[in-house]
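Here the structure is laid out as structure tokens; the discussion comes afterwards.
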Amino acid sequence: MAYLSFLLVLCLTCHLAHGVGLHGFHFHGLEEPRPLRKSDRENITEAWIQQPVDHFNPRDNRTWSMRYLENSRYFKENGPILIMIGGEWAISRGFLETGLMYELASTHNAIMYYTEHRYYGKSKPTKDTSSQSLQYLSVDQALADLARFIETKKSTEGFENSTVVVFGGSYSGNVATWLRLKYPHLVQGALASSAPIFAKADFYEYYEVVTESLRRYSQKCVDKVKAAFEAVEKLLTAKDGPEKLKQYFNLCDVPDVNSSNDREHFMNILVEQFGGTVQYNKVENGRTMIAACCEIMTNEQLGSPLQRLVHFVSNGNKCLQNNYEKFVKLYRNETWDAQPDIMRQWFYQTCTEYGYYQTTNSNKTSFGSSLSLRYFTDICTDLYGEYYNNEFLNVRIKRTNVMYGGLRPDLRNVIFTNGNVDPWHALSVLQDLNTLSPAIFINGSSHCRDLYSDSDTDVEDLIQARAKVRKIIGGWISS
Ligand SMILES: *[C@@H]1O[C@H](CO)[C@@H](O)[C@H](O)[C@H]1NC(C)=O
Ligand SMILES: *[C@@H]1O[C@H](CO)[C@@H](O)[C@H](O)[C@H]1NC(C)=O
Ligand SMILES: *[C@@H]1O[C@H](CO)[C@@H](O)[C@H](O)[C@H]1NC(C)=O
Ligand SMILES: *[C@@H]1O[C@H](CO)[C@@H](O)[C@H](O)[C@H]1NC(C)=O
Ligand SMILES: *[C@@H]1O[C@H](CO)[C@@H](O)[C@H](O)[C@H]1NC(C)=O
Ligand SMILES: *[C@@H]1O[C@H](CO)[C@@H](O)[C@H](O)[C@H]1NC(C)=O
Ligand SMILES: *[C@@H]1O[C@H](CO)[C@@H](O)[C@H](O)[C@H]1NC(C)=O
């Protein structure tokens, strides 16, 4: 689930989901469970499978190696195959040694895999990330990779009659859903956790849910956030205001009043902090991230609402990278090694398949009104070229929804889980598609929390949701 908040994200690199430091483009993806202590570690092996660069062009015979992880500790002949599908992040061992899928594998003699999505982690189909190379980065290709992976495994002795169930969270929840849709003979069921299967350019609902989730803590919190953002927007247009903002927020550069992208880039950095807080909303030091955030925003001892906001987003001594031109320069670089994170690849997917742009084009949010769709689509053209403009985006989003069924895919054996705190639920399935594809809407839960194991700090509804999921999937895979 990422900070231009896109889904996802991530976070193999940032074990603190609330990726402080990744200001600017901050990923909201799937956070891996904490790895076990060395002494308790499972026997997990890393392996590679050859894949075509382009599954759909018979004249192109180039191949590359896709990475995956395997844990066969509990497997018995013709037992189920459970696959955690990687999304826009590098895979790591976490989900093969703890979590919901692991528990199911251990009680049903299943083999577990964790597959890496092309263009992320060590799975690099092309020599660089130029727009030309990124043409092979699409969910169509990623699904074909998985189909080939499953075909290959199932032709191995002892797996011929194995039932295959796939698991995914956030964007990889889309992949899990669509794998079942496109290749039903290879996949018998899927869990789609917090999966935004509806593509949409202007995803203003995101910050509406963020606002609602803060309101559940207190109306006062929402009011103070609103006051703080009004103060920031006022300063952005005031004489000497940008210099003051630089000083207050310890920005690396004075916001450029003449550049709407530069102003919005700065605003986005501030607004995203709230997105990250609500989306993950973990319990830290005995209270939720939302509670910690609202305690700051309503603490009069910290000064004005603006000063509280400064306190909340404070990045220690390091200045905040707020300059749009520098940002573009960094992420335009097409060499793999130059990329600080997965933004270049993930943003490409948003520009060509999903949108998901978290604007403030709604009166029901408390973060001002400065984040426009234009800011995000300008990033597309600035990073990948003029071709990737607003009209292109609309055509592509329409295609995604036609190809994969939007919010009404014709599916059986797919479970959709969402938390009402999680801003991504607005693009997912919240009501049963049919009796075999139920939706579980979890009161008080946030992004992808059901993929982990039960914990003391989980709300009751989440514990019950996991029990329900275990029961349904157990029914699919018990022989
Ligand atoms: C770990 O897995 C590898 C590959 O399957 C196997 O060769 C090895 O014996 C296993 N080690 C243990 C301790 O189970
Ligand atoms: C791929 O196609 C080219 C051109 O037809 C051919 O020369 C080459 O041997 C092929 N490579 C493989 C690995 O099949
Ligand atoms: C798979 O199932 C078929 C049909 O039930 C059976 O004939 C075959 O022997 C099974 N294969 C293995 C390897 O168990
Ligand atoms: C913004 O534009 C105005 C009018 O063109 C100009 O006077 C001013 O110097 C510009 N400010 C900056 C920071 O570039
Ligand atoms: C891209 O990054 C690489 C490695 O950091 C650097 O050598 C190269 O000069 C950069 N290219 C551009 C166009 O900035
Ligand atoms: C939002 O507020 C503006 C200004 O008050 C108003 O013009 C607009 O109609 C409102 N939009 C919605 C969707 O309520
Ligand atoms: C969700 O949980 C909250 C807090 O526990 C509770 O007040 C509310 O009634 C619940 N809502 C539903 C729809 O169950």
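Every number for a ligand or one of its atoms is a count from 1 in the order of the listing. The structure presented is a predicted model; accordingly, all values stated were derived computationally and were not measured. For the numbers below, each heavy atom of this structure counts, side chains included, while hydrogens, waters and symmetry mates do not.
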Checklist entry - Using a distance-only test with no angle check, is there a side-chain donor-acceptor pair under 3.5 angstrom linking Gln349 and Tyr119? => result no
Checklist entry - Can you tell me if Thr335 has a non-hydrogen atom under 4.0 Å from ligand 5? => result yes
Checklist entry - Do NZ/NE/NH1/NH2 and the carboxylate oxygens of Lys326 and Asp262 come within less than 4.0 Å? => result no
Checklist entry - Just to confirm, does any protein heavy atom lie below 4.0 Å from atom 1 (C) of ligand 5? => result yes
Checklist entry - Who's the nearest protein heavy-atom neighbour of atom 6 (C) of ligand 5, and how far? => result Asn333 ND2, 4.2 Å
Item to check | Residue pair Arg374, Asp202: steps toward the salt bridge (charged side-chain N to carboxylate O under 4.0 Å, His left out) verdict | outcome: CA-CA 10 Å; Arg374 164 86 187 274; Asp202 188 348; over 6 Å; no
Checklist entry - Protein heavy-atom contact under 4.0 Å for atom 11 (N) of ligand 4? => result yes
Checklist entry - If you measure every N/O of Asn258 against every N/O of ligand 4, is any gap under 3.5 Å? => result yes
Item to check | Under-4.0 Å salt bridge between Glu42 and Arg93 | outcome: no
Checklist entry - What residue and heavy atom of the protein are closest to atom 9 (O) of ligand 2, and at what distance? => result Asn61 ND2, 4.8 Å
Next on the checklist: When you compare the side chains of Asn333 and Thr335, does any donor N or O come within less than 3.5 Å of an acceptor on the partner?
Outcome noted: yes
Checklist entry - Any protein heavy atom lying closer than 4.0 Å to atom 4 (C) of ligand 4? => result no
Next on the checklist: Between Glu353 and Lys200 (salt bridge meaning N to carboxylate O under 4.0 Å), is one present in this structure?
Outcome noted: no
Item to check | Heavy atom of protein inside 4.0 Å of atom 14 (O) of ligand 2, strictly below | outcome: yes
